[in-house]
Amino acid sequence: MLRVVVCVSGGGTNLQAILDAIDKKEITNTEIIAVISNNAGAKALTRAENHGICAICMSPKSFSDRAAFNRAFTEKMCELNPDLIVLAGFLVRIPEDMVKKFSNRIVNIHPSLIPSFCGVGYYGLKVHEKVLERGVKVTGATVHFVNEGMDEGPIIAQKAVYIEDDDTPEVLQKRVMEQAEWILLPKAIDDIANGRIEVVNDKVRKTEKSEIKVQR
Ligand code: GAR
């Protein structure tokens with residue numbers, strides 16, 4: 001059984017997609033052991049509690065400085081000792097020490113086709129604002145392993161989403177979630193839980209049985 005900790009900052013719709021997929025047995029061999037948020041008001045914490053999952057709030061604001069938060073956050077994670085950490089809309093930079101300790105065991109969902117519209121300053125609705133500002137015609141979402149860089153780790157899966165002429169950032173965000181994020185992230189977790197993914201030379205290889213080999 002893959003023991004997973006999900007980290008969230010806000011609404012938690014990706015967390016909900018994971019919980020629903022576990023309930024429907026679309027994700028197998030997986031147990032969410034805790035949900036951690038940096039934001040006490042995150043709806044995601046309520047979603048976790050409603051599911052009987054341990055919900056933990058750890059905000060950088062309650063620590064004297066970022067280094068103290070990073071230490072406490074990493075210690076908490078080591079205590080929970082998950083097989084996989086899922087960043088499902090978690091807007092806090094993962095401490096370097098945690099990345100090292102959980103190498104190729106942290107995955108992130110990003111609401112664009114990396115390497116476009118990612119890196120510092122690209123998160124949540126801001127990504128979709130920049131996409132519309134630039135006038136690109138296709139965007140999407142990416143699930144990737146987390147390394148020391150920002151949105152730079154090995155890519156597990158991507159799915160394209162078309163932009164419509166009258167899109168607003170909010171409308172586009174919802175379409176990217178519905179058509180890409182809520183599908184890709186559960187499939188990636190299921191693949192990891194069932195040993196269908198490996199990282200070779202910093203690239204993700206999927207086996208024949210992978211659920212996300214072709215995403216259209
Ligand atoms: C999602 O769109 C996710 O891709 C994005 O935040 C949103 C969280 O929504 N993550 C990032 O921008 C990370 N760089 P949710 O809380 O409803 O799942």
Side-chain angles (χ1 to χ4, degrees), residues 4-22 27 32 34-51 53 55-60 84-95 98-99 106-134 136 138-161 163 167-189 212 215:
V4 177
V5 169
V6 183
C7 298
V8 286
S9 292
T13 62
N14 277 287
L15 168 68
Q16 192 64 53
I18 298 167
L19 295 172
D20 292 347
I22 291 175
I27 300 178
I32 309 291
V35 169
I36 300 182
S37 181
N38 59 310
N39 170 11
K43 190 171 170 200
L45 288 175
T46 317
R47 292 183 198 267
E49 279 161 3
N50 289 345
H51 238 82
I53 296 168
I56 301 164
C57 176
M58 276 191 96
S59 166
L84 183 73
I85 300 167
V86 175
L87 310 181
F90 189 57
L91 307 181
V92 173
R93 182 108 194 222
I94 299 301
M98 195 189 292
V99 174
I106 309 177
V107 298
N108 179 45
I109 177 99
H110 184 77
S112 76
L113 293 174
I114 289 176
S116 288
F117 304 102
C118 61
V120 178
Y122 286 87
Y123 57 88
L125 202 59
K126 285 188 193 298
V127 176
H128 307 291
E129 285 168 5
K130 303 270 189 201
V131 160
L132 293 179
E133 255 169 54
R134 183 62 185 83
V136 295
V138 182
T139 184
T142 304
V143 184
H144 64 95
F145 283 110
V146 172
N147 66 8
E148 286 80 2
M150 187 74 142
D151 299 330
E152 287 176 7
I155 291 175
I156 300 169
Q158 295 187 296
K159 190 166 187 288
V161 173
I163 290 157
D167 272 347
T168 62
E170 290 79 6
V171 167
L172 181 57
Q173 179 180 52
K174 186 154 183 280
R175 188 179 315 117
V176 169
M177 285 175 161
E178 284 171 354
Q179 293 185 7
E181 295 187 45
W182 300 340
I183 300 166
L184 281 190
L185 187 55
K187 280 183 190 292
I189 295 169
I212 48 176
Q215 265 309 315

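When a ligand or atom number is given, it counts from 1 through the structure's own listing order. We use all heavy atoms of the structure for the numbers below, so side chains are in, but hydrogens, waters and symmetry mates are not. All figures in this text were calculated on a predicted structure; none of them were measured in a lab.
- For atom 13 (C) of ligand 1, the nearest protein heavy atom (residue, atom name, distance) is Ile109 O, 3.8 Å.
- In this structure, Arg47 contributes its side chain and Gly11 its backbone to a donor-acceptor pair below 3.5 Å.
- Side chains of Ser9 and Asn39: no donor on one and acceptor on the other come within 3.5 Å.
- Atoms of ligand 1 found under 4.0 Å from any heavy atom of Gly89, numbered from 1 in the order shown, are 6 (O), 8 (C), 10 (N).
- Taking CD from Glu129 and CD from Glu170, the interatomic distance works out to 7.5 Å, rounded to the nearest 0.5 Å.
- Looking from atom 9 (O) of ligand 1 to the surrounding protein, the closest heavy atom is Met177 CE, 3.4 Å.
- Atom numbering of ligand 1 starts at 1 in the shown order; those under 4.0 Å from a heavy atom of Asn14 are 1 (C), 18 (O).
- Ligand 1 is never approached by Ala44 to a heavy-atom distance shorter than 4.0 Å.
- In this structure, atom 14 (N) of ligand 1 lies nearest to the protein heavy atom His110 ND1, 3.2 Å.
- Closest to atom 17 (O) of ligand 1 among all protein heavy atoms lies Thr13 OG1, 2.6 Å.
- Considering every non-hydrogen atom in both Val138 and Ala160, the closest pair reads CG1-CB, 3.7 Å.
- The protein heavy atom nearest to atom 3 (C) of ligand 1 is Glu181 OE1, 3.3 Å.
- Close contacts between ligand 1 and Tyr122 involve ligand atoms 14 (N) [criterion: under 4.0 Å to a heavy atom].
- Not a single heavy atom of Phe90 sits closer than 4.0 Å to an atom of ligand 1.
- Among the candidates Leu15, Ile27, Asn14, the single residue satisfying the side chain to side chain contact (heavy atoms under 4.5 Å, CB included) test with Leu185 is Asn14.
- In this structure, CG on Leu45 lies 11.0 Å from CD1 on Ile53, to the nearest 0.5 angstrom.
- What sits closest to atom 16 (O) of ligand 1 on the protein, heavy atoms only, is Gly12 N, 2.7 Å.
- In terms of protein heavy-atom proximity, atom 12 (O) of ligand 1 is closest to Gly124 N, 2.8 Å.
- Atom 11 (C) of ligand 1 has as its closest protein heavy atom Pro111 CD, 3.6 Å.
- Note: His128 NE2 to Met177 CE = 6.5 Å, rounded to the nearest 0.5 Å.
- Asn38 is not listed as a side-chain neighbour of Leu91, based on a closest heavy-atom distance of 4.5 Å or more.
- Panel note: side chain Asn108, backbone His144; no donor-acceptor pair is recorded below 3.5 Å.
- Between Asp151 and ligand 1, a contact under 3.5 Å exists for no N or O pair.
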